[in-house]
Colleague: 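Here it is, the structure, as structure tokens.
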Amino acid sequence: AVSLALGGEYRKDYQYFQPDFASLITDPNQGTCLTSTDACASASSGELSVKEIYAEFFIPVLRDVFLAKSLNFTIGSRYSDYSAFGDTTNSKFGLEWRPIDDVLVRGTVAEVFRSPTISDLYGGITPSADTYRDPCDDLVPGDSRLNNPACRGLAAGFSQTTQQTQSLQGSNENVLPESGKSFTWGVVYDPNWLEGFSTSVDIWRVYLVDTIGALGTQNILDQCFINGNYCNLFTREGQTGDVNFVNNTTQNVGRIDTSGIDI
């Protein structure tokens, strides 16, 4: 018999935070307030809703035949519609094959999806005094770094005069979901000659792209200098040329790829 599971879900999440007036950030571009920078905080509020439907089939194909005591497939899919960034469909395919009574071979391939949280999107921002090493430090006449986008506007003779810069950390309402895939293949051995004993070996791999996180002040400066990326996320002080502000808020920063073996 083929089995089918169907379902639906609606979820709505709210988050609200209001700091006191002295700590409330009055200049979101610099993160300043009426008290010390370390105590500054921003108001945050937001909501995120999602409508979902899913279906999953269990399909037995073979049973009690040569080299197939059982052979089953699982096929599933979930459609999600998020208020913040639209819809997505994620599916999976699974296999269970028992060639003999004592051995089960199994595997699953699935699409992975993670929505940004309300904190990722609307959690507000906080200031920070970050240390950094300027890749444009100690410029000399004719230095090729004078043409680097990270050093734009600096003149020969520039030397970093401070080790700290102001940065903003926190949410970004333009963050997109993380997505990826997972792969798992394994074998289970249940010997009928050793009652109660069972062992398994599973090989797995998961990767995510557009992972959500903060780049970090030093990474932003280095990436601009090396690859010309993220140069719009920092500014320099007009007179000294030192970095005076870095936008280190949440971004879709990269990729995670991990694998392993479970025994």
Colleague: Is it the case that the side chain of Asp137 and the backbone of Gln160 share a donor-acceptor pair, with hydrogens and angles ignored and the cut-off at 3.5 Å?
Modeller: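 Here the side-chain-to-backbone pair exists.
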
Colleague: What residue pairs, at least two apart or across chains, pass ring pair (Phe, Tyr, Trp, His ring centres under 6.0 Å) with a residue in residues 200-220?
Modeller: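 The answer is none; no pair qualifies.
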
Colleague: Side-chain heavy atoms under 4.5 Å apart, restricted to Ile/Leu/Val/Met/Phe/Trp/Tyr: what other residues fall into the cluster of Tyr14, or is it alone?
Modeller: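 Its cluster mates, by chain and number: none.
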
Colleague: For Val243, what are the other residues in its hydrophobic cluster, where any two members join if their side-chain heavy atoms are less than 4.5 angstrom apart?
Modeller: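 Traced through the cluster, Val243 reaches Tyr132, Leu215, Ile220, Leu221, Tyr230, Leu233, Phe234, Val246, Val253.
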
Colleague: Sequence neighbours left out, what pairs pass ring pair (Phe, Tyr, Trp, His ring centres under 6.0 Å) with at least one residue falling in residues 145-199?
Modeller: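 Counting only pairs at least two positions apart or across chains, no ring pair (Phe, Tyr, Trp, His ring centres under 6.0 Å) contact touches residues 145-199.
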
Colleague: Among residues two or more places apart or on two chains, list those pairs meeting side-chain hydrogen bond (donor to acceptor under 3.5 Å, both in side chains) that have a residue in residues 91-100.
Modeller: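 Counting only pairs at least two positions apart or across chains, the side-chain hydrogen bond (donor to acceptor under 3.5 Å, both in side chains) contacts touching residues 91-100 are Ser77-Ser91.
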
Colleague: Report the hydrophobic cluster partners of Val188, with the cluster defined as I, L, V, M, F, W, Y residues connected by side-chain heavy atoms closer than 4.5 angstrom, directly or transitively.
Modeller: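 Result for Val188 is Leu104.
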
Colleague: Please give me the minimum heavy-atom distance between Arg236 and Gly241, naming the atom from each residue.
Modeller: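 What the structure gives for the nearest pair is NH1-O, 2.8 Å.
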
Colleague: Enter the distance from Tyr122:OH to Asn172:CG here, rounded to the nearest 0.5 Å.
Modeller: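 Taking OH in Tyr122 and CG in Asn172, the distance rounds to 10.5 Å.
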
Colleague: Which pairs pass disulfide bond (SG atoms under 2.5 Å apart) with one or both residues in residues 201-263, sequence neighbours excluded?
Modeller: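 Disulfide bond (SG atoms under 2.5 Å apart) check on residues 201-263 returns Cys224-Cys231.
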
Colleague: How would you list, by chain and number, every residue that makes a side chain to side chain donor-acceptor pair (under 3.5 Å) with Thr117, sequence neighbours excluded?
Modeller: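 Partners of Thr117 under the side chain to side chain donor-acceptor pair (under 3.5 Å) test: Asp120.
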
Colleague: Apart from Phe21 itself, what residues make up its hydrophobic cluster, given side-chain heavy atom links below 4.5 Å?
Modeller: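 Once heavy-atom contacts under 4.5 Å are chained together, Phe21 belongs with Leu34.
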
Colleague: Salt-bridged, Asp87 to Lys51, with N to O below 4.0 Å?
Modeller: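 Answer for the salt bridge query: no.
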
Colleague: Listed by chain and number, what are the side chain to side chain donor-acceptor pair (under 3.5 Å) partners of Glu178, not counting sequence neighbours?
Modeller: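 Here the qualifying residues are Arg114.
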
Colleague: Report all side-chain donor-acceptor pairs from residues 58-75 shorter than 3.5 Å, counting only partners two or more places apart or in another chain.
Modeller:
unit_1	atom_1	unit_2	atom_2	d
Asp64	OD1	Lys69	NZ	3.4

Colleague: So which pairs with a foot in residues 126-182 pass disulfide bond (SG atoms under 2.5 Å apart), sequence neighbours left out?
Modeller: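 Every disulfide bond (SG atoms under 2.5 Å apart) pair that includes a residue of residues 126-182, provided the two are not neighbours, is Cys136-Cys151.
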
